[in-house]
Amino acid sequence: MALVRDRRQLNLRLPLPEISERRPRFALSLPPTSLSSAVACNAITASDLENIQVLGHGNGGTVYKVRHKRTSTIYALKVVHSDSDSTVRRQIFREMEILRRTDSPFVVQSHGIFEKPDGDIAILMEYMDAGTLDTLLKTKGTFSESALAGIARQVLSGLNYLHSHKIIHRDIKPSNLLVNHNMEVKIADFGVSKIMCRMLDSCNSYVGTCAYMSPERFDPDTYGANYNVYAGDIWSLGLTLLELYMGHFPFLPAGQRPDWATLMCAICFGERPSLPDVASEDFRSFIECCLQKESSKRVEYGLGVAIVDRFEDEGVKLAKVFPDLNTSILDDMEVEAEVVEPEATRIEASNREVSMDDAVEG
Ligand SMILES: Nc1ncnc2c1ncn2[C@@H]1O[C@H](COP(=O)(O)OP(=O)(O)OP(=O)(O)O)[C@@H](O)[C@H]1O
């Protein structure tokens, strides 16, 4: 029998374990299943699923498209192999813990977690049938401003949710933003995210994808004195939107594959990327708001209130910035659901419980 862990809301104001106490002291028992899909009230086990195809490979894991045999509901199953190194396993435990705590239409939903007898760990997630924003950029080309307005609104809503639950994503980029055929955008991949124990905790650790890191994460002394740790996600969002608009990484000429030092210099010391002349003033001003090098200016830009309030206000501001914010971005982009060839591969699971381990970074 496999154990399926459903999401549940914890009181996030409770202090989280210190690093030294991270080893499991108890097995996490599951609340009753409350899936919104057709399989509600029935816990899904790994043997209920058949593998349809590989969706992609990430850092140490593989994501499969799977079908629930009885209901034919399609899910995505992220599997991290038992022989993965300790960093990768720590990342999957962190991702599990965050997905277990989150419940937002702007964050990819988890439907359960399995551990196989051989130690492989799998997270069952909602399936996003249009892939990632990175895939769409490569297959459909650059995005219009109105499309970006819809994306910005959704990612900001997701960040507002995460930040208000004291979670910093730390790796916002096009390939971590999943999309479905309704152009709903959801934040995914919490492998390097951090749950803050206190609102004022510092967070200058060097993790995430280098190209999307904010200046204060490379050089906290210059750009981040007293910085608000949540501001880095806003920088990454600005850079992501600009990349989707320009079609290449904004700090470098198209086609250039930089090394770490080149990237770091471009981000910390380079000029803010210039937008094409056709870009509207509104779009420019929004990008400028996100790409303030000095993190405190970035955070305090706008109404200068606490970060959560600021994001809520940002929704209002965005509506002014992008007048067609509420129009369907499907007008701009047609997303085709993919057709797949089934290939039966079963994912076996054990009855071992997954315990909390390394889920919370100190
Ligand atoms: N819920 C999902 N629905 C549909 N496709 C998904 C889903 N989750 C992941 N994928 C696909 O699987 C790929 C691999 O995802 P994964 O999160 O393992 O790694 P990544 O974010 O691409 O890379 P890394 O972990 O190295 O940052 C993604 O790029 C995406 O194409």
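All ligand and atom numbering here is 1-based and tracks the order in the structure.
For ligand 1, the atoms sitting less than 4.0 Å from at least one non-hydrogen atom of Met128 are 3 (N), 4 (C), numbered in the order shown with element in parentheses. Contact atoms of ligand 1 toward Leu178: 1 (N), 2 (C), 6 (C), 7 (C), 8 (N) (distance under 4.0 Å to a heavy atom of the residue). Ligand-side atoms of ligand 1 in range of Glu126: 1 (N), 2 (C), 3 (N), range being under 4.0 angstrom from any heavy atom.
Inclusion of Asp189 in the set of residues having an N or O under 3.5 Å from an N or O of ligand 1 is warranted.
Of all the listed residues (Ser175, Pro174, Ala130, Gly58), Gly58 holds the heavy atom that lies closest to atom 19 (O) of ligand 1. Atom 2 (C) of ligand 1 has its nearest heavy-atom neighbour, among Ala76, Gly131, Ala188, in Ala76.
Under the side chain to side chain donor-acceptor pair (under 3.5 Å) test applied with Asp233, the options His169, His163, Arg170 reduce to a single match, His163.
Contact annotation: for Thr62 versus ligand 1, there are no heavy atoms closer than 4.0 Å.
By the 4.0 Å N-to-carboxylate-O rule, Arg67 lies close enough to Glu50 to be salt-bridged with it.
Summarising the geometry, atom CG belonging to Leu159 is positioned 4.0 Å from atom CD1 belonging to Ile187; distances are rounded to the nearest 0.5 Å.
Remark: the backbone N or O of Glu184 is not paired with any side-chain donor or acceptor of Asn182 at under 3.5 angstrom.
Using modelled atom types and a 3.5 Å distance limit, the side chains of Ser104 and Thr102 yield no donor-acceptor pair.
In this structure Tyr245 satisfies the ring-ring contact (aromatic ring centres under 6.0 Å, His included) test together with Phe283, sequence neighbours excluded.
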